[in-house]
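Notes follow the structure.
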Amino acid sequence: MYLYRAPIDFRKQANGLALLVEQELGHSPFSGALYAVTNRQRNKIKCMMWRVGRQT
């Protein structure tokens with residue numbers, strides 16, 4: 001689990017959050033890790049985890 005400590009704009013969609021993980025944290029958003037971010041007031045938390053599934 002990774003916590004991004006700087007407040008983010010909660011209007012960001014999945015693509016914007018994936019870009020934040022790649023550029024700011026230097027991680028692949030598809031690694032299976034859990035990422036947590038907060039808003040400016042620090043009264044909300046958003047958690048993200050991308051999972052790449054296998055097709056059978």
Side-chain angles (χ1 to χ4, degrees):
M1 178 176 181
Y2 295 94
L3 173 63
Y4 184 72
R5 294 175 40 156
I8 67 156
D9 182 354
F10 266 31
R11 294 176 290 182
K12 285 186 185 278
Q13 298 298 315
N15 290 340
L17 295 170
L19 190 62
L20 178 111
V21 167
E22 283 183 329
Q23 292 183 346
E24 297 292 323
L25 298 175
H27 298 168
S28 170
F30 306 108
S31 66
L34 178 68
Y35 297 94
V37 295
T38 63
N39 63 346
R40 185 175 305 276
Q41 295 82 19
R42 300 216 189 269
N43 60 358
K44 295 179 184 170
I45 297 173
K46 188 181 277 191
C47 294
M48 308 156 292
M49 181 168 54
W50 290 271
R51 192 171 139 187
V52 179
R54 294 185 335 187
Q55 291 188 357
T56 56

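Every value quoted in this text rests on a predicted model; they were computed, and no experiment measured them.
- Two different hydrophobic clusters hold Tyr4 and Met49 under the rule that ILVMFWY side chains link at heavy-atom gaps under 4.5 Å.
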Under 3.5 Å, sequence neighbours excluded: what are the donor-acceptor pairs made by side chains of residues 29-38?
residue, atom, partner, partner atom, Å
Ser31, OG, Ser28, O, 3.2
Ser31, OG, Ala33, N, 3.4
Tyr35, OH, His27, ND1, 3.4
Thr38, OG1, Arg42, NH1, 2.7

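- The two residues Ile45 and Phe10 make their nearest non-hydrogen contact at C-CZ, 4.0 Å.
- Atom NZ of Lys46 is surrounded by more than 12 heavy atoms from other residues, nucleotides or ligands within 6.0 Å.
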Please tabulate, for the side chains in residues 11-20, all donor-acceptor contacts under 3.5 angstrom to protein atoms that are two or more places apart in sequence or on a different chain.
residue, atom, partner, partner atom, Å
Arg11, NE, Asp9, OD1, 3.1
Arg11, NE, Asp9, OD2, 3.2
Arg11, NH2, Asp9, OD2, 2.9
Gln13, NE2, Arg11, O, 3.3

